[in-house]
Amino acid sequence: MSIKKFFAIFFIISSIFNNFLFAENEGLTNPRTISLENFISLATQKNPEFELILIEQLKLKYNRYLKMPGEELLVNIKTDYSFKSEENVTNVGLTKLFSEAGLTANAAYEYRSENRDGFIFQIEQSLLKNAFGRANRLKLEDIEVGNKMMTYEIIEAYENYIATLIHIYYDFCNTYSELELAKSLCDDSVKLNQNMKDKKGFSAVKQVDLNKSFLEIVNKKEKIKNLEIEFTKINNLIIQAIRGGEKDVYSPDLNSESLDIDLGKINIDFLKEYQNFKNSSRTYFIYDLMKRKNILYLEIGQDDLMDILNLRLGYKDYYEESYFAKEFFVGATFEKGFFDKKTAALEEVLNINYKKTNISIENQKYNIQVLLKNLYENIMLQKELIKYTDEKRAYMEQIAKDDTEAYATGKGSYNDMIKSVNMLEGCKYEKIARVLAIKKMMIDWKNITDQLVKNNELFKGN
């Protein structure tokens with residue numbers, strides 16, 4: 001078999017194979033355009049992930065009732081019958097806890113036969129452990145602080161969710177743009193190959209150069225196929241996020257999310273922005289709440305280890321032998337443990353955990369500072385790399401033009417021409433990736449510094 005016949009058969013087979021591959025992707029030729037704004041709107045309306053974030057806020061108003069002692073009015077009814085005296089005794093009592101005062105009040109009425117009823121009323125006040133309700137007030141504040149933390153953490157979760165959606169959309173833009181660029185470059189290679197075959201603009205074309213041109217086309221079609229696979233994956237993520245149809249195909253709105261970027265507008269004053277972040281961000285407010293919650297943890301724990309001393313005051317009237325007696329009374333309850341190593345150990349553990357949490361909070365502050373500093377450095381680096389990419393592209397366009405003209409006039413080689421063309425194409429892909437990378441970094445910056453979502457945005461209308 002001659003070399004010419006071999007290549008003819010090879011390219012016929014590769015053409016049939018590629019036509020088969022592309023037939024299954026006809027849906028990619030007519031995608032529906034979706035903007036970033038519309039994508040986020042649909043995702044927050046239709047995706048249960050958003051509802052799962054929002055529903056956490058509904059539980060907060062019940063925390064007080066779940067975590068604090070109940071303050072309901074408790075009714076007790078007790079009845080006994082004595083077979084010996086044939087007497088029925090019924091006791092009806094009411095108990096009420098005033099948790100923020102550390103006070104318990106109860107009253108009881110005892111019904112007996114032969115008009116021998118009795119009545120008692122007393123209040124009990126804590127004086128050491130939970131003195132005058134101090135521990136309960138601390139617990140109530142702890143719940144309120146926890147609710148505030150949870151509210152801000154829900155907003156943080158929502159902000160992270162929005163950032164994730166934007167990242168998905170930017171990856172969508174990146175893959176789609178690379179796919180469109182790959183198709184355009186493949187078309188250019190096909191035109192170049194046809195011109196070489198027709199010898200339009202070329203003084204002489206060797207068969208080996210023509211074969212290399214065919215190989216370039218195959219390589220570009222292979223790249224298109226790989227990008228179509230990546231596009232299908234990211235399109236499925238878009239469908240999943242907005243709960244679209246299984247066969248829906250979308251394309252990004254590159255008019256609203258342009259691949260051009262004004263580098264002059266990307267100018268972060270790190271020290272100023274970081275100071276603003278420390279002074280007024282949601283994250284640092286959460287840190288303050290964490291510190292307060294840690295103090296409350298220590299104080300509540302210390303109170304819980306205190307001795308018990310309760311004072312009782314009351315009044316009662318009752319039937320005694322042949323007359324009714326009435327009296328006021330005062331009493332006390334005192335409980336103290338001796339040789340109690342467990343209480344001492346618990347107090348030490350409380351102090352250790354308190355110090356550990358404070359250290360953890362300071363570490364989180366330091367880590368987020370380092371994270372922001374590294375992100376800032378990467379953004380500034382990416383700015384410079386985009387400038388270099390633009391400079392390289394300007395040089396490569398001229399080099400590719402010169403090498404193409406040199407080959408067309410027989411003064412240069414096909415290898416030099418295709419090398420410079422491929423380098424120019426690589427620069428185009430690089431520009432797309434770098435622009436979208438810096439856009440994603442700016443979203444990360446806004447997300448970490450709490451500028452992506454306003455505090456009142458999530459619960460608006462709820």
| Looking at G337 and D307, what are the two nearest heavy atoms and their distance? | N-OD1, 4.4 Å
| message | Is the ring pair F119/Y109 parallel, tilted or perpendicular, if the boundaries are 30 and 60 degrees? | response | tilted
| query | Any side-chain heavy atom of I261 sitting closer than 4.5 Å to one from L263? | reply | yes
| side chain to side chain contact (heavy atoms under 4.5 Å, CB included) partner of F231, the single match among N236, T175, N226 | T175
| Closest heavy-atom pair and its distance - K439, Y170 | CB-CE1, 3.6 Å
| said: Show, in sequence, the C-alpha distance, side-chain angles and deciding distance for K221 and E228, and conclude whether the salt bridge (charged side-chain N to carboxylate O under 4.0 Å, His left out) test is met. | reply: CA-CA 10 Å; K221 287 185 176 181; E228 283 183 335; over 6 Å; no
| Crowding at CZ, F334 (>12 non-hydrogen neighbours, <6.0 Å) | yes
| request: Measure across N235 and D248 and return the closest heavy-atom pair with its distance rounded to 0.1 Å. | output: ND2-O, 3.0 Å
| task | Determine yes or no for a side-chain-to-main-chain donor-acceptor pair under 3.5 angstrom, with S360 supplying the side chain and K356 the backbone. | result | no
| query | Mind checking what makes side-chain contact (heavy atoms from CB on, under 4.5 Å) contact with E156, not counting sequence neighbours? | reply | E159, R282, T283, I286, D450
| Under 6.0 Å from the NZ atom of K401, do we count more than 12 heavy atoms belonging to anything else shown? | no
| query | Parallel, tilted or perpendicular for Y169 and F172, by the 30°/60° rule? | reply | perpendicular
| said: Between T449 and Q451, do the side chains contain a donor N or O and an acceptor N or O under 3.5 Å apart? | reply: yes
| task | Check for a donor-acceptor pair, side chain of Q302 on one end and backbone N or O of E347 on the other, with a separation under 3.5 Å. | result | no
| field | Non-hydrogen side-chain atoms of Y376 and E273 separated by less than 4.5 Å | value | no
| request: Mind running salt bridge (charged side-chain N to carboxylate O under 4.0 Å, His left out) on E141 and R137 for me, showing each step along the way? | output: CA-CA 6 Å; E141 183 184 354; R137 291 194 299 275; over 6 Å; no
| Spacing of T357 atom OG1 and I295 atom CD1 [to the nearest 0.5 Å] | 11.5 Å
| From CG (L103) to CZ (F132), nearest 0.5 Å | 10.0 Å
| Value rounded to 0.5 Å, distance of OG in S126 from CG in N136 | 7.5 Å
| request: Kindly determine whether K129 and E335 satisfy side-chain contact (heavy atoms from CB on, under 4.5 Å), including the steps that lead there. | output: CA-CA 10 Å; K129 185 175 183 178; E335 294 181 15; over 6 Å; no
| said: Keeping T404 on the side-chain end and A400 on the backbone end, is there a donor-acceptor pair under 3.5 Å? | reply: yes
| Going from CD1 on I359 to OH on Y354, what distance comes out if it is rounded to the nearest 0.5 angstrom? | 11.0 Å
| message | Apply side-chain contact (heavy atoms from CB on, under 4.5 Å) to residues V330 and F328 and explain how you reach the verdict. | response | CA-CA 7 Å; V330 61; F328 291 93; over 6 Å; no
| Less than 4.5 Å apart, any side-chain heavy atom of I55 and any of L58? | yes
| Residue pair Q364 / M290, side-chain heavy-atom distance below 4.5 Å | yes
| query | Can you tell if the side chain of R243 reaches within under 4.5 Å of the side chain of P48, non-hydrogen atoms only? | reply | yes
| query | Taking the side chain from T151 and the backbone from N147, do they hold a donor-acceptor pair closer than 3.5 Å? | reply | yes
| request: Determine, step by step, whether K225 and E222 satisfy the salt bridge (charged side-chain N to carboxylate O under 4.0 Å, His left out) criterion, reporting the C-alpha distance in whole Å, the side-chain angles of both residues, the deciding distance to 0.1 Å, and the verdict. | output: CA-CA 5 Å; K225 182 60 183 177; E222 183 181 28; over 6 Å; no
| request: Locate the shortest heavy-atom distance separating L165 from A43; write the atom from each residue and the value. | output: CD1-CB, 3.7 Å
| said: Could you check whether any side-chain heavy atom of M150 comes within less than 4.5 Å of a side-chain heavy atom of K59, counting everything from C-beta outward? | reply: no
| task | Could you tell me whether D403 and K419 make a salt bridge, using a distance below 4.0 angstrom between a side-chain N and a carboxylate O? | result | no
| message | Any non-hydrogen side-chain atom of V421 less than 4.5 Å from a side-chain atom of L192? | response | no
| query | Between the side chains of Q398 and D402, is a donor N or O closer than 3.5 angstrom to an acceptor N or O? | reply | yes
| request: In sequence, state the C-alpha distance, the side-chain angles, and the governing distance for E216 and N422, and then conclude on side-chain contact (heavy atoms from CB on, under 4.5 Å). | output: CA-CA 10 Å; E216 280 294 313; N422 286 340; 3.5 Å; yes
| So, do K428 and I432 sit near enough that their side-chain heavy atoms are less than 4.5 Å apart? | no
| request: Could you please spell out the steps behind the side-chain contact (heavy atoms from CB on, under 4.5 Å) verdict for L296 and V145? | output: CA-CA 10 Å; L296 292 168; V145 169; 4.2 Å; yes
| query | What distance separates F329 CZ from Q122 CD, expressed to the nearest 0.5 Å? | reply | 4.5 Å
| message | If you count heavy atoms of other groups shown closer than 6.0 angstrom to OH of Y315, is the number above 12? | response | yes
| message | Would you say CD of Q45 has more than 12 non-hydrogen atoms from neighbouring residues, nucleotides or ligands within 6.0 angstrom? | response | yes
| task | Measure across L227 and A182 and return the closest heavy-atom pair with its distance rounded to 0.1 Å. | result | CD1-CB, 3.7 Å
| field | Minimum heavy-atom distance I438-V435, with the two atoms named | value | CG2-O, 3.1 Å
| For K78, does the NZ atom sit with more than 12 other heavy atoms under 6.0 Å from it, leaving out its own atoms? | no
| request: State which residues pass side-chain contact (heavy atoms from CB on, under 4.5 Å) with S189; sequence neighbours excluded, sorted by chain then number. | output: I217, K220
| request: Nearest 0.5 Å please: distance from the CD1 atom of I162 over to the CD1 atom of I443. | output: 10.5 Å
| message | Under 3.5 Å, is there a donor on one side chain and an acceptor on the other for N91 and N76? | response | no
| said: For the CD atom on E397, are there more than 12 heavy atoms of other groups (residues, nucleotides or ligands in this structure) within a distance under 6.0 Å? | reply: yes
| query | Got a donor-acceptor contact below 3.5 angstrom from the S420 side chain to the M417 backbone? | reply | yes
| said: Ring centroids only, cut at 6.0 angstrom: are Y287 and Y284 within range, meaning strictly under it? | reply: yes
| So, is the end of the K293 side chain (NZ or CZ) under 6.0 Å from the ring centre of Y297 and within 45° of the ring's axis? | no
| query | Is the backbone N or O of A241 less than 3.5 Å from a side-chain atom of N47, with the two atoms forming a donor-acceptor pair by type? | reply | yes
| request: Without swapping roles, check the side chain of N279 against the backbone of Q275 for a donor-acceptor pair under 3.5 Å. | output: yes
| task | Would you check if the side chain of K383 reaches a backbone N or O of I266 as a donor-acceptor pair within less than 3.5 Å? | result | yes
| query | Between the main-chain N or O of N174 and the side-chain N or O of S177, is there a donor-acceptor pair closer than 3.5 Å? | reply | no
